[in-house]
Amino acid sequence: MANFSVSALAVALAASSSTASAFVAPSVPSASVAHRSSSALASTAALEAPPLSPVTAWGQPIPNIRDVQASYRSTSAPEFAPTISAKDLGIDSSDTAAQLQYFRDNATAIKNQMEECGAVIFRDFDLMKEQAGFQAMYGALGMKVCLDPLHSVSARPTVDGQKNSPVYEAVNKESRKNFFIGMHNEFVGTRAPRAAAFVCFKAAEEGGEFLIADGRAMFRDLNPDLVERLYDRSIRYSVMELPFFGWIDGLPEPVQGPVQGAVKGLVSAAINAKVDFSVDLRWDEGGYDNTKMLQARAPSQPAIVRHPVTGEPTWFCNVHSHSSKLRKDREGKYGAERFEDGASQINKSDMFFGDDGDISDADLEHMDEVTMKNVRFVKMTEGDVVLLDNYKCMHGRNVFDGTRKHGVAWFEGWEGEDSQRSAARPLEEQVGQLA
């Protein structure tokens with residue numbers, strides 16, 4: 001029997017689901033402080049662990065979802081992901097003190113714009129070319145950092161290599177450069193950050209664009225019959241496959257059943273002791289030789305949720321990144337991922353209806369078509385930042401060549417979020433359709 005550890009299982013499970021008082025990065029009062037090194041910053045305040053990523057906000061059910069979608073199709077949508085350029089503001093790209101002051105002075109307006117538009121793109125700001133300035137930028141906005149949602153089951157590398165550093169690597173590995181990272185909202189099991197800021201410290205020589213898409217546009221553009229089916233039946237993900245059990249078929253037939261039961265029980269206990277959500281294991285066969293394997297499935301969940309602040313319905317479904325069929329289709333274009341470790345080899349995901357029924361190829365292809373129709377390829381250069389609402393804006397990454405160094409900070413919320421929530425109109429008023 002192949003050997004595997006609880007940590008290896010947890011790493012694979014977490015990677016495929018991607019899925020208290022706040023620690024806020026200190027404000028940087030001057031350009032000279034804004035440009036201090038990442039290691040110097042780490043030696044002062046960055047070693048205190050931020051709080052856990054918040055619990056996923058699934059929201060209240062949406063009755064008459066087909067009618068709600070029809071209403072949204074008949075209304076105009078706000079501009080998605082507008083760009084703010086330091087040059088357009090009349091701020092010199094090298095004047096980091098003036099740039100930091102801009103973020104302080106306009107923090108509320110920027111956060112309101114993120115909520116209304118789903119994301120905001122910042123260009124021509126030298127302030128964010130280094131980690132210290134990036135932290136100063138989101139600190140000035142009043143964003144409240146949290147741990148990576150993978151924290152409880154894995155450890156995503158940090159940009160500066162420091163434990164508890166709030167800025168994580170954003171899938172820059174050379175071994176995954178030809179792997180198109182499908183569109184997804186960031187959540188792992190029961191936890192999802194409210195927002196995120198993605199920063200470019202070094203752009204890839206070719207490709208490597210950061211991808212974003214408006215979840216509200218996805219909801220509007222999908223076929224109404226499919227929206228109704230997905231919402232009525234919910235969805236669930238297969239988050240891991242363990243192809244280690246072909247040896248069971250070589251045992252005498254009378255003992256195969258009891259052995260399968262014992263193995264399933266042991267593996268289930270090991271995984272569920274590590275993660276903070278229930279995992280359902282089932283026997284299946286896979287690979288070119290139909291090897292016996294255990295497949296882990298997460299609990300069912302809605303594909304469309306109410307936004308935690310505004311109450312708007314938004315697509316919150318990672319089919320584009322998790323569907324086995326869609327990944328295989330992309331492999332035909334970009335080539336297969338080069339698996340280099342045990343965790344990657346068992347990190348195989350898929351998506352089903354919440355009642356475990358298969359989703360047809362036609363439905364998957366439609367969701368892929370609508371997703372790509374709404375994807376924006378953002379070619380970031382050094383210092384560029386995309387601030388996004390994790391519930392309204394999906395993200396992904398294009399294939400690349402060369403060396404890519406992007407980072408990400410996750411946020412449990414922000415100063416002023418409660419005021420935004422109080423000012424939001426109920427969904428009933430927004431669409432005029434709910435009973």
Practice task
Mark yes or no for whether Lys111, through its side chain, and Trp414, through its backbone, hold a donor-acceptor pair below 3.5 Å.
Solution key: no

Problem - Derivation and outcome, side-chain contact (heavy atoms from CB on, under 4.5 Å), residues Tyr102 and Ile110 - result: CA-CA 10 Å; Tyr102 165 79; Ile110 290 171; 3.9 Å; yes

Problem - Lys379 atom NZ, neighbour heavy-atom count above 12 within 6.0 Å - result: yes

Problem - Asp214 side chain to Asn374 side chain, donor-acceptor N/O pair below 3.5 angstrom - result: no

Practice task
Inspect the contact between Glu205 and Arg404 and indicate whether a charged nitrogen and a carboxylate oxygen are less than 4.0 angstrom apart.
Solution key: no

Exercise for the section: State, without any angle test, whether His406 and Glu169 hold a side-chain donor-acceptor pair at a distance under 3.5 Å. Expected result: no

Problem - Whether Tyr231 side chain and Ile62 backbone form a donor-acceptor pair below 3.5 Å - result: yes

Exercise for the section: Measure the shortest side-chain to side-chain distance between Phe122 and Leu127 over non-hydrogen atoms and say whether it is less than 4.5 angstrom. Expected result: no

Problem - For Asp355, side-chain contact (heavy atoms from CB on, under 4.5 Å) partners two or more places apart - result: Arg233, Phe353

Problem - Heavy-atom closest pair, residues Cys117 and Pro82 - result: CB-CD, 3.5 Å

Problem - Under 3.5 Å: donor-acceptor pair, side chain of Ser71, backbone of Val68 - result: no

Problem - Spatial distance of atom CD1 (Ile121) from atom CD1 (Ile84) [nearest 0.5 Å] - result: 10.0 Å

Exercise for the section: I would like to know whether Asn164 and Glu48 meet side-chain contact (heavy atoms from CB on, under 4.5 Å); could you show each step before the answer? Expected result: CA-CA 6 Å; Asn164 292 330; Glu48 180 183 352; over 6 Å; no

Fill in the blank from the handout: Rounding to 0.5 Å, atoms OG (Ser323) and CG (Asp329) come to a distance of 7.5 Å

Practice task
Please report the closest heavy-atom contact between Pro149 and Pro193, naming both atoms and the distance.
Solution key: CG-CD, 3.9 Å

Exercise for the section: Check the side chains of Asn112 and Gln420 for a donor-acceptor pair under 3.5 angstrom, ignoring hydrogens and angles. Expected result: yes

Practice task
Can you see which heavy atom on Ser234 is nearest to which on Ser300, and at what distance?
Solution key: CB-CB, 4.3 Å

Problem - Straight-line distance of Thr314 OG1 to Asn185 CG, nearest 0.5 Å - result: 7.0 Å

Handout entry: Side-chain donor-acceptor contact under 3.5 Å, Gln131 with Ser165
Key = yes

Problem - Short N-O contact, Asp225 and Arg66, less than 4.0 angstrom - result: yes

Handout entry: Charged N-O contact under 4.0 Å between Lys202 and Glu382
Key = no

Handout entry: Candidate pair Phe210 and Asn398, rule side-chain contact (heavy atoms from CB on, under 4.5 Å), full reasoning
Key = CA-CA 7 Å; Phe210 183 60; Asn398 194 18; over 6 Å; no

Problem - Lys328/Glu331 salt bridge by N-O under 4.0 Å criterion - result: no

Exercise for the section: Return yes if a side-chain donor-acceptor contact under 3.5 Å exists between Gln99 and Asp95, otherwise no. Expected result: no

Exercise for the section: For Asn223 and Leu226, indicate whether the former's side chain and the latter's backbone hold a donor-acceptor pair under 3.5 Å. Expected result: yes

Practice task
Please examine the side chains of Asp384 and Met128, heavy atoms only from C-beta on, and report whether any two atoms are closer than 4.5 Å.
Solution key: no

Exercise for the section: For residues His307 and Asp389, determine if any side-chain heavy atom of one lies less than 4.5 Å from a side-chain heavy atom of the other. Expected result: yes

Practice task
Identify whether the distance between the nearest side-chain nitrogen and carboxylate oxygen of Arg297 and Asp280 falls below 4.0 Å.
Solution key: no

Handout entry: Test item: Val386 and Met380 side chains (from C-beta on) under 4.5 Å apart, heavy atoms
Key = yes

Problem - Closest non-hydrogen atom pair, Val159 against Lys405 - result: O-NZ, 4.0 Å

Exercise for the section: Specify whether Phe198 and His395 have parallel, tilted or perpendicular ring planes, treating 30° as the upper limit for parallel and 60° as the lower limit for perpendicular. Expected result: tilted

Exercise for the section: Spell out, as yes or no, whether a donor-acceptor pair under 3.5 Å connects the side chain of Arg73 to the backbone of Arg220. Expected result: yes

Practice task
Determine the interplanar angle of the Phe201 and Phe134 rings, folded into 0 to 90°, and report it as parallel if under 30°, tilted if 30 to 60°, perpendicular if over 60°.
Solution key: perpendicular

Problem - His320 and His184 side chains, donor-acceptor separation under 3.5 Å - result: no

Problem - Side-chain ion pair, Glu186 and Arg156, N-O less than 4.0 Å - result: yes

Problem - Test item: His322 and Asp350 side chains (from C-beta on) under 4.5 Å apart, heavy atoms - result: no

Problem - Short N-O contact, Glu365 and Lys325, less than 4.0 angstrom - result: yes

Completion exercise
Tightest non-hydrogen contact, residues Phe411 and Ala197, listed as CE1-N, 3.5 Å

Problem - Tyr237 (side chain) donor-acceptor with Asn318 (main chain) under 3.5 angstrom - result: yes

Fill in the blank from the handout: Interatomic distance, OG1@Thr108 vs CD@Gln113, rounded to 0.5 Å, equals 12.5 Å

Problem - Closest approach of Arg421 to Pro308 (non-hydrogen atoms, all atoms of both residues) - result: NE-O, 3.2 Å

Handout entry: Flag, side chain of Arg376 to backbone of Phe80, donor-acceptor distance under 3.5 Å
Key = yes

Problem - Output field: ring centroids Phe125/Phe103 closer than 6.0 Å - result: yes

Exercise for the section: Taking the side chain as every heavy atom from C-beta outward, state whether Glu417 and Arg194 have any pair of such atoms under 4.5 Å apart. Expected result: yes

Handout entry: Interatomic distance, Met137 atom CE to Leu141 atom CG [nearest 0.5 angstrom]
Key = 5.0 Å

Handout entry: Donor + acceptor pair across side chains of Ser85, Asp124 (<3.5 Å)
Key = yes

Practice task
Test Phe180 against Arg330 for side-chain contact (heavy atoms from CB on, under 4.5 Å), laying out the working first.
Solution key: CA-CA 7 Å; Phe180 183 100; Arg330 290 195 290 266; 3.5 Å; yes

Handout entry: Distance in Å, Gln69 CD paired with Leu222 CG, rounded so as to fall on 0.5 Å steps
Key = 7.0 Å

Practice task
Taking Arg176 for its side chain and Ile181 for its backbone only, find out whether a donor-acceptor pair lies under 3.5 Å.
Solution key: no

Handout entry: Test item: side-chain donor near acceptor, Thr310 and Glu312, under 3.5 Å
Key = yes

Problem - Flag side-chain contact, heavy atom, 4.5 Å: Ser238 against Phe352 - result: yes

Handout entry: Whether Arg191 side chain and Thr56 backbone form a donor-acceptor pair below 3.5 Å
Key = no

Problem - Donor-acceptor contact below 3.5 Å, side chain Arg397 vs main chain Val171 - result: yes

Problem - Pairwise side-chain contact, Ile235 with Leu230, heavy-atom cut-off 4.5 Å (strictly under) - result: yes

